[in-house]
Amino acid sequence: MTPERDLTYRTALENHRRAVRDVLTVLESVPERRWGASLAKGKWTVAQLTEHLALSYEIALDGLTGGPGMKQVLPWWKTRFLRLTILRRILRGQGFPEGAPAPRELRPGMEPLNRDQGIERLRATAAEAESALESAPDSARVPHAYFGLLTAKQILGVQTAHLDHHRTQVEGFLWRSMLTS
């Protein structure tokens, strides 16, 4: 790690590790019989959400290791606007925007993995991505559909907010499930 990856990078890494632990804990608390249930009317199932999270790491890894990564879908001026507004908000810890559309590469398939496979896939891809980000050179950039090229620290911040955003959705699902059982 270079001197540029000082306390702020280490803090981003610690925050990311906490978010991974938290989302895995919540997902592990979802009973197998509820794994295929929709989080809310017209929303993904818990299984699909877990796949979506794993895909977010897999596509980041692809971009980090020389693959095309996520396709940038916006014109430069919209990307710039989102970097100055939404990305800054996310990186300041103000959360992930509600209702943000998932880029095509991050949309889950129709054949979800079972509970244990889904959780293990997320655990493994998060660990692999974190390791790759930690050892990436400071010059490394990963393409994001809406924010353009992101540094390792920015990817950690976006992934942390993304995990926290979806963790709260699953917590709400579990809470509603308890009330209706």
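Note that the structure is a prediction, hence the values are computed from the model and not measured.
Between Phe173 and Leu39, the shortest heavy-atom contact is CB-CD2, 3.6 Å. The two atoms that bring Arg115 and Ser29 nearest to each other are NH2-N, 4.1 Å, heavy atoms only. Asn114 approaches Trp35 most closely through the heavy-atom pair C-NE1, 3.4 Å. Minimum interatomic distance between Pro101 and Tyr146 (heavy atoms only, all atoms of both residues): O-OH, 3.0 Å. Scanning all heavy atoms of the two residues, the minimum distance from Leu174 to Pro31 falls at CD2-CD, 4.3 Å. Annotation for Lys153 and Ala12: closest pair CG-CB, 4.1 Å, computed over non-hydrogen atoms.
The backbone N or O of Ala127 lies less than 3.5 Å from no partner atom in the side chain of Ser131, so there is not a single donor-acceptor pair. Under the 3.5 Å distance criterion, the side-chain polar atoms of Arg33 are left unmatched by any main-chain donor or acceptor of Val30.
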Test salt bridge (Lys or Arg N to Asp or Glu O under 4.0 Å) on Glu134 and Arg17; report intermediate values, then the result. CA-CA 12 Å; Glu134 202 169 7; Arg17 288 179 178 151; 3.5 Å; yes
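Residue pairs meeting the salt bridge (charged side-chain N to carboxylate O under 4.0 Å, His left out) criterion with at least one member in residues 154-164, sequence neighbours excluded: Arg18-Asp164, Asp164-Arg167. Applying the side chain to side chain donor-acceptor pair (under 3.5 Å) test to residues at least two apart or on different chains, the pairs with a partner in residues 80-94 are Arg92-Gln94. Applying the salt bridge (charged side-chain N to carboxylate O under 4.0 Å, His left out) definition to pairs two or more places apart or across chains, none involves residues 65-74.
Side-chain contact check for Met70 versus Leu106: some heavy-atom pair is nearer than 4.5 Å. Between Thr79 and Gln72, every side-chain heavy-atom pair lies at or beyond the 4.5 Å cut-off. A heavy-atom distance below 4.5 Å is found between the side chains of Leu122 and Leu24. Counting heavy atoms from C-beta outward, Leu87 and Leu150 have side chains that approach closer than 4.5 Å. You'll find the side chain of Val46 reaches within 4.5 Å of the side chain of Leu27, heavy atoms only.
Of the options Leu91, Val142, Leu74, Ile86, a side chain to side chain contact (heavy atoms under 4.5 Å, CB included) to Phe147 is made by Ile86 and by none of the others.
In terms of the side chain to side chain contact (heavy atoms under 4.5 Å, CB included) criterion, residue partners of Ala102 (sequence neighbours excluded) are, by chain and number, Trp44, His52, Arg107. Qualifying side chain to side chain donor-acceptor pair (under 3.5 Å) partners for Ser56, counting only residues two or more places apart in sequence or in other chains: Gln159. Partners of Glu28 by side chain to side chain donor-acceptor pair (under 3.5 Å), not counting sequence neighbours, listed by chain and number: Arg123. When the side chain to side chain donor-acceptor pair (under 3.5 Å) test is applied to Glu14, no partner is found at least two apart in sequence or on another chain. For Ser38, the side chain to side chain contact (heavy atoms under 4.5 Å, CB included) partners at least two apart in sequence or on another chain are Lys43. For His165, the ring-ring contact (aromatic ring centres under 6.0 Å, His included) partners two or more places apart in sequence, or in a different chain, are Phe96. With sequence neighbours left out, the side chain to side chain donor-acceptor pair (under 3.5 Å) criterion links Thr151 to Gln154.
Between the CG atom of Asn15 and the CZ atom of Arg10 there is a distance of 14.0 Å, given to the nearest 0.5 Å. One distance of note links OG1 of Thr50 with CG of Leu55; it measures 11.0 Å at 0.5 Å rounding. Taking CG of Leu149 as the reference point, atom CD1 of Ile155 lies at 9.5 Å (rounded to 0.5 Å). Rounded to the nearest 0.5 angstrom, Leu163 CG and Thr168 OG1 are separated by 11.0 Å. From Glu171, atom CD reaches atom CD of Gln169 across 10.5 Å, with rounding to the nearest 0.5 Å.
Under the 30°/60° scheme for interplanar angles, the aromatic rings of His166 and His162 are found to stand perpendicular.
Residue Trp77 belongs to a hydrophobic cluster whose other members are Trp76, with links defined by side-chain heavy atoms closer than 4.5 Å.
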In a table with atom names and distances, give each donor-acceptor pair under 3.5 Å that connects a side chain of residues 57-68 to protein atoms at least two apart or in another chain.
residue : atom : partner : partner atom : Å
Tyr57   : OH   : His16   : NE2          : 2.6
Glu58   : OE1  : Arg121  : NH2          : 2.9
Glu58   : OE2  : Arg121  : NE           : 2.9
Glu58   : OE2  : Arg121  : NH2          : 3.3
Asp62   : OD2  : Gly69   : N            : 2.7
Thr65   : OG1  : Leu61   : O            : 2.8
Thr65   : OG1  : Asp62   : O            : 3.4

